[in-house]
Q: 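Here it is, the structure in full.
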Amino acid sequence: IRDGAEEVSKCLKRLELSLIKKLSKKKTKGKKQKVAQASTSSCIVMLQNKNKSEPAKEIDPQTMSNHQFWTLSTTTSSMELRLKIGEGIATLPVECNPPTIYKVTAFEDFDCDVFPQVPLVVRVDTLFSTRAMVDWYAGGEPVCQDSTCYVPTFEDAGKSLAII
């Protein structure tokens, strides 16, 4: 996992080097050959808006962070990386994976083990995100926002408890 603040050009450089290595293995078939140098300054990114009413636009990812770049990919219907490798250009479609909650673990049985002043804790495991926002409701009313822990109050007694 890479830091979101890292420049995306470093990520693209790693991608290019990996492609160069794989492509040179195919061409040489066991013979040693000098590997071409990667240059992320030759990377072009094409974006197509979700509504497709505008033509695809070209952006330069060199000054963007990983977070900015991959967040941008979630707002477009298609993204394509065009990487110059040696004398050729590799065109790679990018598929966006939206944040997904794949598991929620409660450390208490909410149906029978809820007491005032005793903390309730949940763990939310996600894919393609670093965190999940957890909101708590008692009797349908919000009682705690963006927290994986809630301490029920005496006023919550007899109310249904829910998390979203």
Side-chain angles (χ1 to χ4, degrees), residues 1-19 38-83 90-164:
I1 296 178
R2 301 286 177 181
D3 183 6
E6 177 187 60
E7 292 176 10
V8 76
S9 60
K10 292 181 181 179
C11 174
L12 296 174
K13 180 85 161 177
R14 288 189 295 273
L15 176 64
E16 286 182 82
L17 290 172
S18 176
L19 285 172
S39 168
T40 53
S41 61
S42 62
C43 178
I44 298 169
V45 178
M46 299 298 291
L47 299 175
Q48 177 67 56
N49 290 333
K50 287 191 186 261
N51 61 14
K52 297 187 180 186
S53 62
E54 301 171 18
K57 67 178 181 177
E58 186 177 308
I59 63 162
D60 179 10
Q62 301 307 309
T63 59
M64 301 174 86
S65 69
N66 271 331
H67 178 72
Q68 291 170 320
F69 183 78
W70 298 112
T71 298
L72 182 60
S73 76
T74 65
T75 63
T76 60
S77 61
S78 67
M79 177 185 268
E80 200 174 79
L81 293 177
R82 295 182 184 166
L83 307 171
T91 301
L92 306 168
V94 176
E95 292 184 17
C96 175
N97 295 308
T100 305
I101 294 173
Y102 76 92
K103 184 178 177 186
V104 177
T105 307
F107 296 95
E108 293 292 334
D109 180 358
F110 287 7
D111 289 332
C112 61
D113 291 339
V114 178
F115 301 98
Q117 307 304 313
V118 177
L120 299 172
V121 179
V122 296
R123 185 177 87 196
V124 180
D125 296 322
T126 61
L127 297 171
F128 315 115
S129 72
T130 56
R131 62 184 290 276
M133 194 167 136
V134 178
D135 293 336
W136 296 79
Y137 294 82
E141 297 295 320
V143 290
C144 184
Q145 292 183 325
D146 198 15
S147 176
T148 57
C149 178
Y150 174 64
V151 180
T153 65
F154 288 101
E155 290 80 28
D156 296 333
K159 296 180 181 176
S160 64
L161 186 63
I163 59 170
I164 296 178

Q: Around Gln117, counting heavy atoms of other residues, nucleotides and ligands shown, do more than 12 lie under 6.0 Å from its CD?
A: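 Enclosed.
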
Q: Would you indicate whether the side-chain heavy atoms of Tyr150 and Leu161 approach each other to under 4.5 Å?
A: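 A side-chain contact under 4.5 Å exists here.
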
Q: Considering only heavy atoms from C-beta outward, does the side chain of Val114 approach that of Leu120 to under 4.5 Å?
A: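 In short, these two side chains touch, coming nearer than 4.5 Å.
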
Q: For residues Ile163 and Thr148, determine if any side-chain heavy atom of one lies less than 4.5 Å from a side-chain heavy atom of the other.
A: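 Ile163 does not reach Thr148 side chain to side chain.
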
Q: Begin from the C-alpha positions of Val143 and Tyr137 and carry the test side chain to side chain contact (heavy atoms under 4.5 Å, CB included) through to its verdict.
A: CA-CA 5 Å; Val143 290; Tyr137 294 82; 5.6 Å; no

Q: Under the rule for side chain to side chain contact (heavy atoms under 4.5 Å, CB included), what residues qualify as partners of Pro116, not counting sequence neighbours?
A: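 Applying side chain to side chain contact (heavy atoms under 4.5 Å, CB included) to Pro116 gives Phe154.
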
Q: For Asp135, enumerate each residue passing the salt bridge (Lys or Arg N to Asp or Glu O under 4.0 Å) test, keeping only those at least two apart in sequence or located in another chain.
A: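 Not a single residue meets the salt bridge (Lys or Arg N to Asp or Glu O under 4.0 Å) criterion with Asp135.
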
Q: Donor-acceptor pair, Glu141 side chain versus Ala138 backbone, under 3.5 Å?
A: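 Judged by distance alone, no pair lies under 3.5 Å.
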
Q: Return the minimal non-hydrogen interatomic distance between Cys149 and Cys144, and the atom names on each side.
A: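 Reported closest heavy-atom pair: O-SG, 3.8 Å.
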
Q: Under the salt bridge (Lys or Arg N to Asp or Glu O under 4.0 Å) definition, can you give me all pairs with a residue in residues 117-129, not counting sequence neighbours?
A: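 Counting only pairs at least two positions apart or across chains, the salt bridge (Lys or Arg N to Asp or Glu O under 4.0 Å) contacts touching residues 117-129 are Arg123-Asp125.
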
Q: Who are the side-chain hydrogen bond (donor to acceptor under 3.5 Å, both in side chains) partners of Thr126, not counting sequence neighbours?
A: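 Checked Thr126 against side-chain hydrogen bond (donor to acceptor under 3.5 Å, both in side chains); matches are Ser129.
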
Q: Look at Glu6 together with Arg14 and state whether they make a salt bridge at an N to O cut-off of under 4.0 Å.
A: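 Yes.
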
Q: Keeping to residues at least two apart or across chains, list the salt bridge (Lys or Arg N to Asp or Glu O under 4.0 Å) pairs with something in residues 150-161.
A: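 Passing the test, one end in residues 150-161: no pairs.
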
Q: What are the two closest heavy atoms between Val122 and Val104, and how far apart are they?
A: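 Between these two residues, the closest heavy atoms are CB-CG1, 4.5 Å.
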
